[in-house]
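What follows is one structure encoded as structure tokens, with my remarks underneath.
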Number of protein chains: 2
Amino acid sequence: MNKVPTIYEVAQVSKVSITTVSRFMNNPDKVAPKTRLKIEQAMKELDFTPKADAVARARQGSRRIGILIPFLTAQSFVERLEGVHTTLRSEGYEIVTYLVDTQRQLQGYLSMLPVSGRIDGLIIMALPFGDEDVENFKRHNIPIVGIEVEHRDVSSITIDDVFGGELAASYLIGKGYRQCAFIGEGGEPPYSLHATGLRLKGFQKKLEVLGYPMDEDHICFHPYGMEASISCTKALISRKYRPDAIFCGSDFQAIGVIKAARALHIRIPEDIGLLGFDDTMIAGYMDISTIRQSLVRSGEMAAGMVIDHLKDSGNPVIHTQLELNVVERLTT
Amino acid sequence: MNKVPTIYEVAQVSKVSITTVSRFMNNPDKVAPKTRLKIEQAMKELDFTPKADAVARARQGSRRIGILIPFLTAQSFVERLEGVHTTLRSEGYEIVTYLVDTQRQLQGYLSMLPVSGRIDGLIIMALPFGDEDVENFKRHNIPIVGIEVEHRDVSSITIDDVFGGELAASYLIGKGYRQCAFIGEGGEPPYSLHATGLRLKGFQKKLEVLGYPMDEDHICFHPYGMEASISCTKALISRKYRPDAIFCGSDFQAIGVIKAARALHIRIPEDIGLLGFDDTMIAGYMDISTIRQSLVRSGEMAAGMVIDHLKDSGNPVIHTQLELNVVERLTT
DNA sequence: TACACTTATGAAAGTGCTTTCATAAGTGCT
DNA sequence: AGCACTTATGAAAGCACTTTCATAAGTGTA
């Protein structure tokens, strides 16, 4: 019958130029209210919807950026995600979130995303990717920014996990603790919980330097989940040489420690000190001392970086490391 | 530097016109084998991907659905969001997340989204919308599904908040508590924390019916945030007639209660019982008794509903209410 | 070899938008 | 009234292809 309307029809009906119609859609406030009304009416009358692909073509981009993220269960991811959102939104970008469960899914996205033309930029959070992937995206002019993951040819924002561990060690020793233990989550691919290992490494090394090396028995990795975290802590606390402080790979584990301690009638911080990592909201709620990294900030910065690369593709690759500091609360 | 190649480049390299290149892609058999070879080679050399083709293919393979959500700070939203993701992903849909901060933003999205042609369906979580908005989306054939928000003409998945309150009342009285209090968050638009009010209403009514009406002084609303939550609880606990149980509008407040109680050396559940709402992960971590609603499930169901509407736009509007039940843990 | 017929190819005109740049119309101020 | 500004609007030039139509070769046939 009668075909689907375009801005030309809208322009004709509302007696303005297509430019004005277009402007009405993109910068409504730059169109006089009177004109706005006419266009609005014409659109309603014609039942007009802009063709998304035409828009994308003319704009030479979709004004959409994607984000690859392992899951939403970890509070730290969510907080970073929130930072990404606020920045990107204020710049007028849409965010497409891809939850990645398996290595296969990750590879699927990594190989389809650059070709599909659906996103202008990509943020990858805590998921590993290779040279080939980077090449692929680069070829299609889609900038990548890593959060909590690094690659030589891609801007990233990370923290110095080793230093984080050292910081924890210095702090705990400074507070008078002597027998430190470590609890962390043993991750599976594709999650680069590699970070946990680095934190431990720094922690361990620094303790040695300070003259209070860790007992091998005081290192404890457990699989994902609160149950595991608790039983792991219980085992740790019940050792012959009980540690007098526990440094956790993340705030999450710290909660496990609190629960285990309560069950065993061990007081925190009197009997045992407790230090988390991340300073997620929950650490604040529960008054857990922790190593703070600015999660929201990291998201914002990453978002800013993609935008910079989008604005000027010649922009240099930047590797930013966020500051870390100890937040003393009630568990140390 | 090196942009993504177009048919122009391909044409140039293979020394044919763009027409022929285009034809090669659409009707290869109408191109001489010799020419075909040249083009093929040029494409390979340039690593060319037809953009429009990609867009079109992408368009039919994976469509896009949007989700309007107030913020990611509330754990309950995140869990629902996760449910939405898993279902939608398995059906090959992309998810565009719009974080809504203000009433103005909400209206902005609500009026732009249907017209912009960027999404095929929309999930609205805990944000109010009106008849006109619904009309708008309907006109453009974009199905809406509400989570935690209802509208006559739109499928939704909600819970019976009033009943939830009643459930809490029955449970607490059944456990022997007699002086119940309520703590909730006083929300600001556009967040329809209306739910909190309904929970209170059911709670209050049922308590009356059971013969243990609430003291007016035992109802406490506070603004968003842990601080507020704690001080609110402290005030409550310090009343002349101290309540022997507190029902919280969400698990979040329950944490505040725990902290306040600890500060005041009041034991839970011995001195005072505590019941949360939602059964977010944190309630599990902290062993808080609570009213469970299947958050993840609600996300999954909502996602399923959009898909159904997309597959068959004649699909009837369905209002589903999810089951609620008491989860008894260590605080009651 | 001349004539009609097929191919094979390219120039140019869409496609439905955005964006840049120029111009017209107001506005305030002296 | 005259001048500098500040909107509000439109003409036209993209964007990455597809399509139409014309033309140049190539093929078969009388």
Side-chain angles (χ1 to χ4, degrees), chain A residues 2-40 42-43 46-64 91-94 114-120 139-142 310-311 313, chain B residues 2-40 42-43 46-60 112 115-118 140:
Chain A
N2 56 344
K3 45 178 233 156
V4 32
T6 72
I7 44 169
Y8 289 90
E9 274 91 83
V10 176
Q12 202 172 336
V13 170
S14 50
K15 292 173 208 276
V16 297
S17 74
I18 58 161
T19 308
T20 305
V21 177
S22 171
R23 193 174 1 241
F24 167 80
M25 300 190 293
N26 301 295
N27 303 61
D29 43 310
K30 297 224 174 247
V31 172
K34 214 179 74 180
T35 319
R36 215 144 47 185
L37 232 73
K38 286 197 297 183
I39 299 178
E40 241 160 10
M43 281 186 169
L46 293 170
D47 194 16
F48 166 82
T49 310
K51 277 94 207 128
D53 55 325
V55 175
R57 172 159 35 86
R59 280 212 188 114
Q60 309 190 76
S62 52
R63 284 195 91 55
R64 214 174 272 139
E91 293 277 342
Y93 281 86
E94 275 186 354
V115 175
S116 71
R118 325 198 86 205
I119 56 171
D120 299 338
R139 197 162 22 231
H140 291 268
N141 253 354
I142 299 176
L310 244 27
K311 282 187 177 144
S313 60
Chain B
N2 60 336
K3 337 184 328 173
V4 34
T6 70
I7 46 169
Y8 289 89
E9 274 89 86
V10 176
Q12 203 172 333
V13 170
S14 50
K15 293 175 209 271
V16 297
S17 74
I18 57 161
T19 310
T20 306
V21 177
S22 171
R23 192 168 9 235
F24 166 81
M25 299 189 298
N26 302 297
N27 302 60
D29 44 310
K30 297 230 175 240
V31 173
K34 213 178 72 179
T35 318
R36 216 145 45 185
L37 230 73
K38 286 197 298 182
I39 298 178
E40 246 158 9
M43 281 186 169
L46 294 169
D47 189 23
F48 165 84
T49 319
K51 221 162 198 173
D53 186 61
V55 169
R57 202 188 31 222
R59 183 102 195 123
Q60 73 155 245
M112 110 133 316
V115 157
S116 68
R118 318 200 87 204
H140 291 272

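Residue numbering restarts at 1 for every chain, and letters A, B, ... go by the order of the sequence lines. Heavy atoms only: backbone and side chains are in, while hydrogens, waters and symmetry mates are out.
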Out of dT9(C), dT18(D), dT9(D), minimum distance to the side chain of V31(A) belongs to dT9(D)
Does S17(A) place a side-chain N or O at less than 4.0 Å from the phosphate oxygens OP1/OP2 of dA11(D)?
no
Of the listed nucleotides (dG16(C), dC17(D), dC15(D)), which one gets closest to any side-chain atom of F48(B)?
dC17(D)
Value for OH (Y93(A)) from CZ (R64(A)), rounded to nearest 0.5 Å, stands at 12.0 Å
Between atom CG in N27(B) and atom C1' in dT20(D), what is the gap in whole Å?
13 Å
Is the number of heavy atoms from other residues, nucleotides or ligands under 6.0 Å of E91(A) CD greater than 12?
yes
pair_partner(dC3(C)), Watson-Crick or wobble, both distances < 3.5 Å, evaluates to dG28(D)
Which distance, rounded to the nearest 0.5 Å, do you find between the CZ of R36(B) and the OG of S14(B)?
14.0 Å
Remember a base hit wins even if backbone is also touched, and classify R57(A) as base, sugar-phosphate or nothing at under 4.0 Å, heavy atoms.
base
Could you tell me the separation between the CZ atom of R59(A) and the P atom of dA13(D), rounded to a whole number of Å?
22 Å
Just compare dT18(D), dT18(C), dT9(D) and give me whichever is closest to any side-chain atom of M25(B).
dT18(D)
Would you find a donor on one side and an acceptor on the other, under 3.5 Å apart, between the side chain of D120(A) and the backbone of S62(A)?
yes
Could you tell me whether a side-chain N or O of R63(A) sits under 3.5 Å from a main-chain N or O of E94(A), the two making a donor and an acceptor?
no
Between dC17(C) atom C1' and Q60(A) atom CD, what is the distance in whole Å?
12 Å
In this structure, CZ of F24(A) is separated from CD1 of I18(A) (nearest 0.5 Å) by 15.5 Å
Name the residue closer to the 5' end of DNA chain D, choosing between A32(A) and I18(A) according to the nucleotide with the nearest heavy atom.
A32(A)
Can you check the R118(B) CZ to dT18(C) P distance for me, whole Å?
10 Å
Where the side chain of K51(A) meets the backbone of T49(A), is there a donor-acceptor pair that is under 3.5 Å apart?
yes
Check for a donor-acceptor pair, side chain of N26(A) on one end and backbone N or O of S22(A) on the other, with a separation under 3.5 Å.
yes
What's the closest nucleotide to the side chain of K51(A) if the choices are dC17(C), dT18(C), dT18(D)?
dC17(C)
Can you say whether a donor on the side chain of Y8(A) sits under 3.5 Å from an acceptor on the base of dC17(C), or the other way round?
yes
Taking atom types as they are modelled, would you say the side chain of T19(A) forms a donor-acceptor pair with the base of dA11(D) within the 3.5 Å cutoff?
yes
Listing time: all N or O pairs from protein to nucleotides 21-26 of chain C that are below 3.5 Å?
none

Look at T6(B) and dA16(D) and indicate whether a side-chain polar atom (N or O) is within less than 4.0 Å of OP1 or OP2.
no
Here the distance between atom P of dA8(D) and atom CG of L37(A), to the nearest Å, is 15 Å
Take atom NZ of K38(B) and atom P of dA8(C), then tell me their distance rounded to the nearest Å.
14 Å
I39(B) CD1 to dA8(C) P, straight-line distance once rounded to whole Å:
12 Å
For a quick check of understanding: with a heavy-atom distance under 4.0 Å over all strands, which category does V16(B) fall into, base, sugar-phosphate or nothing?
sugar-phosphate
Interatomic distance, Q12(B) CD vs dA11(C) P [rounded to whole Å]
13 Å
S22(B) vs dT19(D): side-chain N/O to OP1/OP2 distance below 4.0 Å:
no
